[in-house]
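Here the structure is laid out as structure tokens; the discussion comes afterwards.
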Amino acid sequence: MPYLFRADTFPEVELEIAVEARLVDIVKQGCDAGLRFGNHLEKDMVAVQIAPPSTAILVAAPACLANRSAPKFPSDLLQHRAVVCRSQITGSVIPWTLVSADDRIQISPSEATIVHDLAS
């Protein structure tokens, strides 16, 4: 059962939540603790994993597949426009890594939308 923070139980605790799309030095920002998605930590930071590693799945709206056939192979994805992530560290668009029981490949589909990646 998750613990719910109740302000009336701990009136001396002030909770502020800030979400950043870039890596920040939480100590310099005056934070006592932070949550970070991914594994980018400074060498002097202490980290405790609080959730299992996550995975993503590929999905498409029916309207996106109306004029193109559904992909059967990873290379078919190159014929589709996609939502991709830009690394906040390198500034480059991150290729997709597709993993199956037998294989692991990287592809770079055409960008329709670019979002900033919180993990890299």
Could you list the cluster mates of Leu98? Members are the ILVMFWY residues connected by side-chain heavy atoms closer than 4.5 Å, either directly or through other members. Leu58, Leu77, Leu78, Val84, Val93, Trp96, Ile105, Ile107, Ile114
In this structure, NE2 of His80 is separated from CZ of Arg68 (nearest 0.5 Å) by 6.5 Å
Closest contact, heavy atoms only, Ala70 versus Leu65: CA-CD2, 4.2 Å
For Gln106 and Pro95 the tightest heavy-atom approach is OE1-CG, 3.9 Å
Whether the side chain of Arg104 engages the backbone of Val99 through a donor-acceptor N/O pair (distance < 3.5 Å, no angle test) should be reported. no
